[in-house]
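This chain uses plain numbering: 1 for the first residue, then up along the sequence. Below, each value reflects all heavy atoms present in this structure, side chains not excepted, and no hydrogens, waters or symmetry copies.
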Amino acid sequence: MRDQQGAAATGSMPDTVHDPAPVDLAHGSRRGKGPGLDWERRYRATVVAGDVLLVLALGAVCAVGAAFGAWQTMRPEMAVVAVLAMLTALPARRAWAESVLDEGVEEYRAVIVGTCTAAVVIALIGTFLPDTDVRPWVFVVVPTMGVLLLVSRYVLRQLLHRARRSGACLLPVLAAGDVASVRELIARTREHPHVGWRVEAACVVAQDRERDVGEIDGVPVIGGYDTLTDHVRNGGYRVVAVAPAAYWTSDRLQHLAWNLEGTPAELAVAPTLMDVGGTRLNVTGILGLPMLRVTQPAFTGAGRLFKEVADRVGAAALLMLAAPLMLAIAVAVKLDDGGPVFYRQRRVKRDGAMFTIWKFRTMRTGADAEWAALAARENDSDGPLFKLRGDPRVTRAGAVLRRFSLDELPQLLNVLGGSMSLVGPRPALPEETQAYGPVVGRRLLVKPGMTGLWQVSGRSDLSWQEAVRLDLRYVDDWSPALDLMILWKTARAVLHGKGAY
């Protein structure tokens, strides 16, 4: 049946993919499977060793403390149970799987699930040991192990990302698609090197080769789809990235997947829905046909109610913590030029309603009246917004406040009042929304935020289209986990001050 499908799929194709390599039935796999890259093996070994050492170290500390009576309710032998439970649960929950490492949220989720599994196992063991108090192990020791592992994974990820920004520890990628889609893939991988891809070669359709397309943005075109598998086997590519192209039918993609079996390369296919997040995508089989199901974005429900409560509680807590700093900023703004401390401006919130946003004043008094003259001469933004590096209206104190986004602290009052959220799309100006089409207008389906994907992805350095794309992605793919990730990354973005002016 498989041979018949292959013949039917390739019988009339100008660009074909080769037949699959022979199967070694004795070993249940295809001959020629290559090893991983050295840095991949070293990185995985480092992650596993770090997890094991941390678990063993904390287990040893607890065992010694219990043995010498430091914790009267803890028995030393339970340390062995806790260590074994953790070191069994982590691989069982795929926390050490190569496909999970360096996958961000998925990697952290695997560690958290493994930690919870270990805690449940210890609790179950405790039911058979009536004289043993397992509560300290379930609610203190094992969670502490999980936190330490998360911190260790985060540190290792940052070291890996730093190496990737310098051009090391990257996976060699062979892109296959039309020229336009391959060019976009190359641009995205270069813009975000922390993902770990480097497009080193491309295969394009025959028509593009006939136009003498020898390279795409510096990446050589090494052949067509008919030679793709040979290049993978001989070139050591780790990823075959199939970019959108009319050529790729389901039969051709299936045949390509067969041909790549036994090679060190994994197949990555770009879906048509490029910016739909993984939380909304599910693959299900309907009558034997795999279907990509896309759930609707959540604008109401328990998750949004939780976000509302978290916003109010978080804003109140941050206002109390930041009160001394905000008082110092107010004094600095007042002493700088004697003008008002706060700046108020009308912005657009959810569903197009208006509200007043509060900020610390960073420009000289009357700066709004100078906007038209400056905008007519120069604008560093490529969209309806006005942005100017080295804006002459910014005060000395204002330059410092803008660099570290301290001028936005009064927006916590907007969050507390319900007109804004801690995380969301950038609050839009009324004149900006007048140019919105139906697509960009989706930004107004949720509350604007003090921070968002735009804040942690470049701030004012982003193009208008990229900022809109990030806002729309947030609207469509919102989840509590995404909010937590953005809040965590906001701290780094603010400290670095990149893209703030």
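Atom CZ of Arg233 sits about 7.5 Å away from atom CG of Leu260, to the nearest 0.5 Å. In this structure, NZ on Lys349 lies 13.0 Å from OG on Ser421, to the nearest 0.5 angstrom. The SG atom of Cys169 sits 5.5 Å away from the CG atom of Leu160 when rounded to the nearest 0.5 Å. Taken from CE in Met485 to CG in Asp483, the straight-line distance is 9.0 Å, to the nearest 0.5 Å. Separation of atoms CD (Glu184) and CD1 (Ile216) is listed at 12.5 Å; rounding is to 0.5 Å. A distance of 11.5 Å separates CZ in Arg188 from CH2 in Trp197, rounded to the nearest 0.5 Å.
Residue-environment remark: CZ (Arg190) exceeds the threshold of 12 foreign heavy atoms within 6.0 Å.
Residue Tyr225 comes nearest to Cys203 through the heavy atom pair CE2-O, 3.4 Å, listed as atom of the first residue, atom of the second, then distance. Scanning all heavy atoms of the two residues, the minimum distance from Ala176 to Leu228 falls at CB-CD1, 3.5 Å. Pairing each heavy atom of Gly452 with each of Val423, the nearest pair is CA-CG1, 4.3 Å. Here the shortest heavy-atom pairing between Ala265 and Val232 reads CB-CG1, 3.6 Å. Annotation for Arg443 and Val475: closest pair CA-CG2, 4.1 Å, computed over non-hydrogen atoms. Of all the heavy atoms in Pro425 and Val446, the pair that sits closest is CD-CG2, 3.5 Å.
The backbone N or O of Asp178 lies less than 3.5 Å from a partner atom in the side chain of Ser181, making a donor-acceptor pair. No side-chain donor-acceptor contact under 3.5 Å links Tyr237 to the backbone of Pro264. Between the side chain of Arg252 and the main chain of Tyr247, a donor-acceptor pair closer than 3.5 Å is present. The main-chain N or O of Leu445 is found under 3.5 Å from a side-chain atom of Arg350 such that the two form a donor-acceptor pair. A distance-only check finds a donor-acceptor pair linking the side chain of Arg347 to the backbone of Pro427 [under 3.5 Å]. Here the side chain of Asp311 pairs a donor or acceptor atom with the backbone of Leu422 at under 3.5 angstrom.
No side-chain donor from either of Thr227 and Asp230 sits under 3.5 Å from a side-chain acceptor of the other. Between the side chains of Arg157 and Tyr108, a donor-acceptor pair is found at a separation under 3.5 Å. Side-chain atoms of Arg94 and Ser99 include a donor-acceptor pair closer than 3.5 Å. Thr362 and Arg402 share a donor-acceptor pair across their side chains, judged by distance under 3.5 Å alone. Defined by atom type and a distance below 3.5 Å, a donor-acceptor pair is missing between the side-chain atoms of Ser419 and Lys447.
Of the charged side-chain nitrogens involved, none lies within less than 4.0 Å of a carboxylate oxygen, so that Asp471 and Arg442 do not count as a salt-bridged pair.
Looking at residues two or more places apart in sequence or on another chain, you find a ring pair (Phe, Tyr, Trp, His ring centres under 6.0 Å) between Tyr154 and Trp488. Judged as a side-chain contact (heavy atoms from CB on, under 4.5 Å), and not counting sequence neighbours, the contacts of Leu170 are Arg164, Arg198. Ala119 meets the side-chain contact (heavy atoms from CB on, under 4.5 Å) test with Val138, Val142; sequence neighbours excluded. Qualifying side-chain contact (heavy atoms from CB on, under 4.5 Å) partners for Leu54, counting only residues two or more places apart in sequence or in other chains: Leu148, Leu149, Ser152. Taking the side-chain contact (heavy atoms from CB on, under 4.5 Å) definition, one finds that Glu266 meets it with Val239, sequence neighbours left out. In this view, Arg109 and Glu106 satisfy the salt bridge (charged side-chain N to carboxylate O under 4.0 Å, His left out) rule, not counting sequence neighbours.
Using a 4.5 Å heavy-atom cutoff, the side chains of Val173 and Arg238 are not in contact. Side-chain contact between Val199 and Asp217: absent, with no pair of heavy atoms (C-beta onward) separated by less than 4.5 Å. Looking only at side-chain heavy atoms (C-beta outward), Ile357 and Met420 come within less than 4.5 Å of each other. The closest side-chain heavy-atom distance from Leu444 to Asp351 is not below 4.5 Å.
Both the sub-6.0 Å distance and the 45° axial angle are not jointly satisfied by Arg44 relative to the ring of Trp39.
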Evaluate Val111 against Arg153 for side-chain contact (heavy atoms from CB on, under 4.5 Å), listing each step before the verdict. CA-CA 9 Å; Val111 173; Arg153 296 290 185 102; 3.8 Å; yes
Before giving the answer on side-chain contact (heavy atoms from CB on, under 4.5 Å), spell out for Val240 and Thr263 the whole-Å C-alpha distance, their side-chain angles and the decisive distance to 0.1 Å. CA-CA 11 Å; Val240 175; Thr263 72; over 6 Å; no
Going through the checks in order, is the side-chain contact (heavy atoms from CB on, under 4.5 Å) test met by Thr115 and Met86? CA-CA 7 Å; Thr115 302; Met86 279 294 291; 3.9 Å; yes
Could you please spell out the steps behind the side-chain contact (heavy atoms from CB on, under 4.5 Å) verdict for Gln455 and Glu408? CA-CA 12 Å; Gln455 175 81 306; Glu408 298 175 1; 4.1 Å; yes
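Trp454 has its ring centre no less than 6.0 Å from the ring centre of Tyr474.
When Val182, Val179, Val204 are each tested for a side-chain contact (heavy atoms from CB on, under 4.5 Å) with Val221, only one passes: Val204.
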